[in-house]
There are 2 protein chains.
Amino acid sequence: MSESGGQAQNPARVRAFEGVLARIEERIAADGLTVGDRLPGERQLAEQLGVSRSSVREALRVLESLGVVSSQVGRGPDAGAVLTSRPGSALTGLLRLHLGLATLSMREVVDTRLMIEQWSAEHAARSRTGLESMAQALAAMDAARSPEEFVEHDIAFHAAIAEASGNRLTSAIMQALRGAVQRFAIDAVVRLGDTGDLQADHRRIYGAIRDGDAATAMEAITVHLERAYPPSAGRLG
Amino acid sequence: MSESGGQAQNPARVRAFEGVLARIEERIAADGLTVGDRLPGERQLAEQLGVSRSSVREALRVLESLGVVSSQVGRGPDAGAVLTSRPGSALTGLLRLHLGLATLSMREVVDTRLMIEQWSAEHAARSRTGLESMAQALAAMDAARSPEEFVEHDIAFHAAIAEASGNRLTSAIMQALRGAVQRFAIDAVVRLGDTGDLQADHRRIYGAIRDGDAATAMEAITVHLERAYPPSAGRLG
DNA sequence: ATGGATGTATGGTCTGACCATATTTGGTCT
DNA sequence: AGACCAAATATGGTCAGACCATACATCCAT
């Protein structure tokens, strides 16, 4: 550390913050860090890695955008950069941006969602778990008095199916897809005018999962999503 | 804008770089910016948005990590922050980190990949496109003289199927999943000792897609992936 | 014990500087 | 006029040092 001048100003083939990213990843693997653990403070990290605090911050911003850390100001056990796990929110941001850039069309997102929901329903039927959450959401939808309220619990119902599949990755992807198309959900409910058909779908899906009938569960969720987002229905992308 | 002092040092409910992010997103939507367009320089952006260059840079790092922009140094038409579209690489990084954090298990990734490949094969069979790329990869695998070489073209084969599905989102997700499990692919080839069975699978998949037989394509790819990544096969996660 | 004032570590932001890179520009030589 | 080389310039990359806002930790007086 007895550099005379200071800033290393090297070729910088890899940018400083990329090095920081790599080092932090190594550290997570080597030290077996996991969700809830804290990273050293920005200043300390900068010193340890021999870079400026700005570079450390850029790396932390990347980790944050990827849903891996979360920064808290102040002091105490919860302050600083804490390892978290929010793959869903990261995916949501990613989708929103790429939709904005027209890299992806809404149709592609909706189709992908159909794929995930079919898969989730099938696996949920096999595991037959999470039935309680589904039933609760079902009842809440019955009691809903506005499209907004209905959609809120509708989201919970579908989330319960995804969770019941037992796969956190597909569940996270579905969360993200859901977030990306959410603004269309209320429109869909309003367009249909009545939620009776949707609720009938929901009950059919629920019943099939409860009975362990994977084929029916898949078919029912397909019908349901095509009702809400008709393949040819207007302006989705 | 006749602020006396300088740095606004406000409550900062939303951090400065988040504001920049929002403004850039607005700008993309409003100006209809698309892939290939350039963003203003960091210094100019900072002045326009009334924040420091550091904050602009943090926002750009986020956009870069999400695969939306790409920065080039130097001068000229290609220099600066250019809008790009690399949802795949963004997803790859996201998965790698979450796998490292044990947020996700390898089994979940492999299962998700199976879902995507099934779906892709089915849709590829319906569209019957991309056959040329598949055939090329097939021939290249025949000629491969090492596991590494074989896997390289195997990746190309599966990527061709994903592309043929016509859905850029599922294709991007599969790319990412592929990258996450890639290190196991060579192991799998070595373990099997012979690539004959794998190639037979490939030809069966190719034939089904060529003939537009969606059901067989799905079934064939399921068999294929279970051969390479047996559900009960050792240490995947 | 309790409660408030003070200390302090942490992230958030800004300023201004310099480096590395690559194009643009302009001048010089042939 | 054309080709070639040098200087100017614009851009991202990095650093150093400062100050603010926040929230817990500590200490002291009651």
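Small disclaimer: the values here were computed from a predicted structure and weren't measured. Letters go in sequence order (proteins before strands), and every chain restarts at 1.
- Among the protein residues, S54(B) comes within range of the nucleic acid bases, having at least one heavy atom under 4.0 Å from a base atom.
- Remark: P of dT21(C) and CZ of R15(A) are 14 Å apart, rounded to the nearest angstrom.
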Are there any protein N/O atoms within less than 3.5 Å of an N/O atom in nucleotides 23-28 of chain D, and if so, which ones and at what distance?
unit_1: dC24(D); atom_1: O4'; unit_2: R75(A); atom_2: O; d: 2.9

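- To the nearest angstrom, C1' of dG13(D) lies 12 Å from CG of L60(B).
- Side-chain atoms of R43(B) come within donor-acceptor range of the base of dG12(D), with a qualifying N/O pair under 3.5 Å.
- Donor-acceptor pairing under 3.5 Å, judged by distance alone, is absent between the side chain of R61(A) and the base of dG12(C).
- Proximity note for F17(A) (side chain, C-beta onward) versus dT13(C), dC19(D), dT14(D): the nearest is dT14(D).
- Listed nucleotides dG12(D), dG12(C), dT15(C) differ in distance to R57(B); the shortest reach to its side chain belongs to dG12(D).
- Within the structure, salt bridge (charged side-chain N to carboxylate O under 4.0 Å, His left out) pairs that include any residue of residues 78-96 of chain B comprise E25(A)-R96(B) (at least two apart or interchain).
- Between A160(B) and S133(B), the closest heavy-atom pair is CB-CB, 3.8 Å.
- The distance from atom CG of L39(B) to atom P of dA10(D) is 19 Å, rounded to the nearest whole Å.
- T103(A) and S85(B) share a side-chain donor-acceptor pair at under 3.5 Å.
- A donor-acceptor distance shorter than 3.5 angstrom exists from the side chain of R38(A) to the backbone of A79(A), with no hydrogens or angles considered.
- Where S55(B) and G80(A) meet DNA chain C, the nucleotide closest to each residue was compared, and G80(A) sits on the side nearer the 5' end.
- For the pair Q72(B) CD and dT23(C) P, the computed distance is 10 Å after rounding to whole Å.
- Ring orientation note: the planes of H202(B) and F157(B) are tilted relative to one another, at an angle of 30° to 60°.
- Comparing dA16(D), dT11(D), dG11(C) by their closest approach to the side chain of S52(A) singles out dA16(D).
- In this structure, E148(B) places its CD atom where more than 12 heavy-atom neighbours from other residues, nucleotides or ligands lie under 6.0 Å away.
- Across L104(A) and L99(A), no two heavy atoms sit closer than the pair O-CD2, 3.4 Å.
- Going from atom CG of L21(A) over to atom C1' of dG13(D) covers 16 Å, rounded to whole Å.
- At whole-Å resolution of the value, CZ in R53(A) and P in dT15(C) are 16 Å apart.
- Between the CD atom of Q44(A) and the P atom of dA9(C) there is a distance of 12 Å, rounded to whole Å.
- Summarising the geometry, the separation between CD on E42(B) and P on dG12(D) is reported as 5 Å, rounded to the nearest angstrom.
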